[in-house]
Amino acid sequence: MVAGCSQQESTIPAPTEESIETVEETQEIVELNYYSHPDEKGERNAIIKAFEELHPNVKVNLIELPPDTSEKLTMISKVLQAEDTAMDIFDADVIWPSIFAAAGWVEPLDNYMTEEEIDAHLPGAMYANLYQGHYYGIPYRTDTGMLYYRKDLLEKYNKSVPTTWDELVQTAEYIMSKEGGDMTGYAGSWKQFEGLTCNLMEFVWSYGGDVLDEDSKVVFDSPESVAAVTRMVDMINAENITPEGVITFSSGDARDVFFSGNMVFLRDWPSGWSKSQDPENSKIVDKVGIAALPTGGEGNESYSTLGGWQVMVSAFSEHKEEAVAFAKFRASEYSQILMSKELSHIPSLKTLYSNEEVLEAMPFLEDMYPAIIHAYPRPKSPYYAELSNILQVELQNAFKEHKTPEEAVKSASDQIKTLLGQ
C-alpha cells in the first residue's frame, strides 16, 4: 500500500472492470506520462496503482508539477507548444481549457464521453471545459471561495455571521477592539497572483459588476467595480482590519494567521477545512464555521469564484485511447472519494454530495452545496492569463495607493480593451 493512504483506502469500494471503462489489452506495455500536482500523501500514486491493476498493459508515470499554479501553467505550456509527445495527460486549472483549446494543443473529448457522463458532473465544472461547443477536459475537483469564521468569537460577542461586506467590517472592528492583542479582522489571498483575481471577482460580482459581458465586451469600468475595489482598499488603509503584509499573502499565508487564532474572518478554498481541524496545524480546532461570502449590500447576491481542476489529454499524445481511459479514471467516483478524504478536495460528481464518506470528511458540504453549484466562472478568454495579470497589477496599485480605485479600474479596463481589440 501507498504510505499515507492505507487507512483511507480500505473503506472505499475498489473499482471494478464493470464500473470503470477499460481499454483493449494488448501484449505491448503502453507508458503514459501524467503531469500532476505534487503527491502530498501518496494519494495520486494510489490512484495510479488502482488504474494499473485494472489495466495491466498500461503503466502511468507521475511527473510532478511545481506547487505554484503560474509555474504549472508555464511548464505545461512549454511542453504543449513544443508538440512534445512525452506528455499524455495533465492536470489543468479551471481557467486553462480555453487557452489550450484555442491553441489546438488538447484533444476534444466529446467522442469519448456520453451525455450521462457529462451530466454526472456539476454544471459549472463541466462548463469550464467547454470551448466553442466542445469539451476538452474532465473535472475531478471543484472549488469555490468560502467565508471561514471564528464561531466561538461570534458566539462570545453575540454577533451573527455577516451577510454583507460592510457588516463583516463592523463585526471585525468590534471583536478586534474587544480582543486586543494581535487580533485582526479579515484576509484573503491578496498578493499579485491568480488568487488575487479570484478574490477580486467575488467582490466585483457581489457589488453587481463584471469584467466581460455575455458578448465578451469589456464592462469593468463601472461604479459597481469601483465600489468593490474601494471596499478592498479600505479594509487595508482605512479600517485597518487586515493583517500587516496582506498584499503579499497567498492562501497559505492567510491560513497561517487564521489558524494561529489571530483573525476573525478568512476567505479560503474548501481545502483549508481539514487543515483548520488538524491540531498540528491549527489552534482553533472545533472553533471554525463556514458560510457563503458576503454581498455588496441590499439587493445584491453572494458570489464565489469557481475554482477546480480537470484532467486533459494532450493533442500530441501517441496513446490517446489509453490516456482518455486514465483521464476518466482520474475523475471517477473512486478517485474523487479518495481525494475528498485525504485532501478535502470537493468533488465534481453530484452524487458525492450525499456520500457518507465524503460528508464525514467535510460535513459543511451539505449546507454549502447551493453555493458550490452556483459558483461563478472567471472571464473565459484565450487571453485570460494576460487579462488576469492586468487586474492583479492595477489592484495592487490601488492597494499601495499609487492610484485611486477609480483610476485603477479605468486603467485595467482600458488595457483589457486593448488586449481584446476593443
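Computed from a predicted model, the values in this text were never measured in an experiment.
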Donor-acceptor check, side chain of [X] to backbone of [Y], threshold 3.5 angstrom: yes or no?
| X | Y | value |
| --- | --- | --- |
| D84 | A86 | yes |
| R378 | L306 | yes |
| K59 | I29 | no |
| D68 | E71 | yes |
| T295 | E301 | no |
| Q396 | W190 | yes |

**Prompt:** Is it true that the NZ or CZ of K417 lies under 6.0 Å from the centre of F220's six-membered ring and within 45 degrees of the ring axis?
**Reply:**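 Verdict for F220: no cation-pi partner in K417.
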
**Prompt:** Think K191 forms a cation-pi with F193, using NZ or CZ under 6.0 Å from the six-ring centre and within 45 degrees of its axis?
**Reply:** yes

**Item:** Short N-O contact, E117 and K328, less than 4.0 angstrom
**Value:** yes

**Prompt:** With the threshold set at 4.0 Å, does a side-chain nitrogen-carboxylate oxygen contact exist between R150 and E155?
**Reply:** no

Quick check for you: to the nearest 0.5 Å, what is the distance between [X] atom [atom1] and [Y] atom [atom2]?
| X | Y | atom1 | atom2 | result |
| --- | --- | --- | --- | --- |
| L395 | L391 | CG | CG | 8.0 Å |
| M201 | S388 | CE | OG | 9.5 Å |
| Q422 | S216 | CD | OG | 7.5 Å |
| Q392 | L200 | CD | CG | 9.5 Å |
| T69 | H37 | OG1 | NE2 | 7.0 Å |
| E360 | L365 | CD | CG | 12.5 Å |

**Request:** For the residue pair Y334 and F329, categorise the inter-ring angle as parallel (less than 30°), tilted (30 to 60°) or perpendicular (more than 60°).
**Result:** tilted

**Asked** What class does the angle between the rings of Y157 and Y174 fall in, given that below 30° is parallel, 30 to 60° is tilted and above 60° is perpendicular?
**Response** perpendicular

**Item:** side-chain hydrogen bond (donor to acceptor under 3.5 Å, both in side chains) between T164 and D166, worked out
**Value:** CA-CA 5 Å; T164 69; D166 286 347; 5.5 Å; no

**Prompt:** Among N300, L293, D234, whose side-chain contact (heavy atoms from CB on, under 4.5 Å) with W165 holds?
**Reply:**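 Result: among N300, L293, D234, L293 is the only option passing the side-chain contact (heavy atoms from CB on, under 4.5 Å) with W165.
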
**Prompt:** Less than 6.0 Å separating the ring centroids of W309 and H345?
**Reply:**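 Centroid distance W309-H345: not below 6.0 Å, so no.
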
**Message:** Tell me if the centroids of the rings in Y149 and F265 come within less than 6.0 Å of each other.
**Reply:**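 Distance test on ring centres: not under 6.0 Å, no.
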
**Message:** Applying side chain to side chain contact (heavy atoms under 4.5 Å, CB included) to F90 and Y34, what does each step give before you reach the verdict?
**Reply:** CA-CA 5 Å; F90 61 91; Y34 172 39; 5.6 Å; no

